[in-house]
Amino acid sequence: SPNLCVWIAPIRFSRFHPIGHPNSKSGKDLKVIVDGWAERASMIGWRTYNYNLAEVIVPFSKLTVWSHDLPYLHQKGCVGVSLESFNTWELSAPHLYQSIRLGYDPRLDPWEIVADYWDKFYGPAAAPMEKYWMEIDQTFCNLATEVGSVHSLPYVYTPERMKQLDASLQEAEKIVKDQPEYQYRVNLARRGFQRATFWRTYYDAMNKGDF
């Protein structure tokens with residue numbers, strides 16, 4: 001019994017919200033499950049996805065999710081995490097970095113990790129790139145929907161938000177135009193945003209019947 005570890009795989013719960021989030025019915029249900037197993041088992045483990053399952057087209061962020069969930073799970077006796085990930089750095093670099101750091105030490109301050117990332121990875125363009133990624137992060141986290149795959153994307157990548165995100169990238173690009181190392185890193189995010197542009201184009205065409 002002391003060596004038994006219960007692994008939880010929350011594949012049928014919200015992809016966008018932290019455990020117990022008020023916008024998420026399934027997230028509230030998941031908290032009951034986690035808390036219940038934590039009371040009954042000496043150890044628990046967490047096996048989940050580090051991307052929007054069944055959707056790897058557009059930029060996606062789980063910064064708010066991991067800032068809550070990994071420390072919370074640690075408090076509940078979690079001894080291991082398996083975060084299935086893709087090396088889609090242009091789509092998810094900040095939360096991939098954050099989750100790796102928290103996976104090794106969930107006692108770290110999640111937002112200090114992220115602040116360090118903005119500063120060291122983007123240098124002089126840290127402010128507009130933080131604005132870019134946090135807009136994506138907060139939009140997903142605040143969705144009043146839990147459906148995964150592509151089905152929530154129209155509520156995230158609206159034409160208005162596309163303009164806002166593009167403006168943040170343009171600001172960053174101007175700042176680093178003569179600094180090749182930082183220019184490359186901002187351009188990595190631009191590549192991800194271009195994929196969101198591709199998605200928006202074919203989504204609009206499909207809705208017009210222009211197959």
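Just so you know, these numbers come straight off a predicted model, no measurement behind them. For the single chain, residues carry numbers from 1 onward in sequence order.
When atom types are taken as modelled, the side chain of H95 and the backbone of N50 share a donor-acceptor pair closer than 3.5 angstrom. A donor-acceptor pair under 3.5 Å links the side-chain atoms of S26 to the main chain of S14, judged by distance alone. Distance alone, capped at 3.5 Å, is enough to place a donor-acceptor pair between the R195 side chain and the V56 backbone. Put simply, the side chain of T197 gets close to the backbone of F193: a donor and an acceptor are under 3.5 Å apart.
Partners of D35 by salt bridge (charged side-chain N to carboxylate O under 4.0 Å, His left out), not counting sequence neighbours, listed by chain and number: K31, K76. Scored by the salt bridge (charged side-chain N to carboxylate O under 4.0 Å, His left out) test, E146 finds no partners at all (sequence neighbours excluded).
A 4.5 Å side-chain heavy-atom check between L63 and V114 finds at least one atom pair inside the cut-off. Within the 4.5 Å cutoff, no side-chain heavy atoms of Y182 are placed close to those of N187. Under the 4.5 Å side-chain criterion, counting only non-hydrogen atoms from C-beta, M129 is in contact with L169. In this structure, the side chains of Y72 and C78 stay at 4.5 Å or more apart for every pair of heavy atoms. Side-chain atoms of F16 and N52, non-hydrogen and from C-beta on, do get closer than 4.5 Å to each other. Looking at S85 and S92, their side chains never come closer than 4.5 Å, going by heavy atoms from C-beta outward. Y157 is not listed as a side-chain neighbour of Y203, based on a closest heavy-atom distance of 4.5 Å or more. Within the 4.5 Å cutoff, the side chain of I113 has heavy atoms near those of the L102 side chain.
Criterion: ILVMFWY side-chain heavy atoms under 4.5 Å apart, direct or through other members. Under it, M206 and M162 are part of a common hydrophobic cluster. Hydrophobic clustering places V150 together with F211 (ILVMFWY residues linked when any side-chain heavy atoms are closer than 4.5 Å, directly or through intermediates). Criterion: ILVMFWY side-chain heavy atoms under 4.5 Å apart, direct or through other members. Under it, L96 and I57 are not part of a common hydrophobic cluster. In this structure, F198 is not a member of the same hydrophobic cluster as Y51, with clusters built from ILVMFWY side-chain heavy atoms closer than 4.5 Å. If you chain together hydrophobic residues whose side chains sit under 4.5 Å apart, V81 and L108 fall into the same group.
Rounding to the nearest 0.5 Å gives a distance of 7.5 Å between CG of L53 and CD of E84. Between W199 atom CH2 and L153 atom CG the span is 5.0 Å, to the nearest 0.5 Å. Summarising the geometry, atom CD1 belonging to I175 is positioned 12.0 Å from atom CD belonging to Q170; distances are rounded to the nearest 0.5 Å. Here CD1 of I44 is found 12.0 Å from CG of L4. Values are rounded to the nearest 0.5 Å. To the nearest 0.5 Å, the span separating CE on M134 from SG on C141 amounts to 9.0 Å. Rounded to the nearest 0.5 angstrom, I19 CD1 and W46 CH2 are separated by 4.0 Å.
Between A41 and V6, the closest heavy-atom pair is CB-CG2, 3.7 Å. Across Y97 and W89, no two heavy atoms sit closer than the pair N-CZ3, 4.5 Å. Between W133 and P59, the shortest heavy-atom distance links the atoms CZ3-CB, 4.2 Å. In plain terms, the two heavy atoms of T145 and S152 that are nearest each other are CG2-OG, 3.5 Å. Residues P2 and M43 share a closest heavy-atom pair of O-CE, 3.5 Å. What you find for G45 and C5 is that their closest heavy atoms are N-SG, 3.8 Å.
With respect to the salt-bridge test (charged N to carboxylate O, under 4.0 angstrom), the residues E90 and R190 do not qualify. R200 has a carboxylate O that lies under 4.0 Å from a charged side-chain N of D204, or vice versa, which qualifies the two as a salt bridge. Salt bridge annotation for R107-D105: present, with a cationic side-chain nitrogen under 4.0 angstrom from a carboxylate oxygen. Salt bridge absent: K131 and E135 never bring a charged side-chain N and a carboxylate O closer than 4.0 Å. Salt bridge D29/K25: present, at least one basic N to carboxylate O contact under 4.0 Å.
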Quiz item: Going through the checks in order, is the side-chain hydrogen bond (donor to acceptor under 3.5 Å, both in side chains) test met by H21 and S24?
Solution: CA-CA 5 Å; H21 193 276; S24 170; over 6 Å; no
Practice problem: Start with the C-alpha distance between R161 and T139, add both sets of side-chain angles, then the distance that settles side-chain hydrogen bond (donor to acceptor under 3.5 Å, both in side chains), and finish with yes or no. | Solution: CA-CA 10 Å; R161 186 164 290 109; T139 302; 3.2 Å; yes
Exercise. Could you walk me through whether I8 and V34 pass side-chain contact (heavy atoms from CB on, under 4.5 Å), step by step?
Key: CA-CA 8 Å; I8 301 169; V34 171; 4.2 Å; yes
Quiz prompt | Verdict with supporting geometry, F121 and D116, side-chain contact (heavy atoms from CB on, under 4.5 Å) | solution = CA-CA 8 Å; F121 194 72; D116 189 57; over 6 Å; no
Practice problem: Start with the C-alpha gap between K177 and E173, add the side-chain angles, then the distance that decides, and say whether salt bridge (charged side-chain N to carboxylate O under 4.0 Å, His left out) holds. | Solution: CA-CA 6 Å; K177 64 179 180 179; E173 287 163 344; over 6 Å; no
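A perpendicular orientation is assigned to the rings of Y122 and Y117, their planes being inclined by more than 60° (bins at 30° and 60°).
Other members of the cluster containing I100 are Y104, with ILVMFWY side chains joined at under 4.5 Å, either directly or via other members.
Between F140 and F60, the distance from one ring center to the other falls under 6.0 angstrom.
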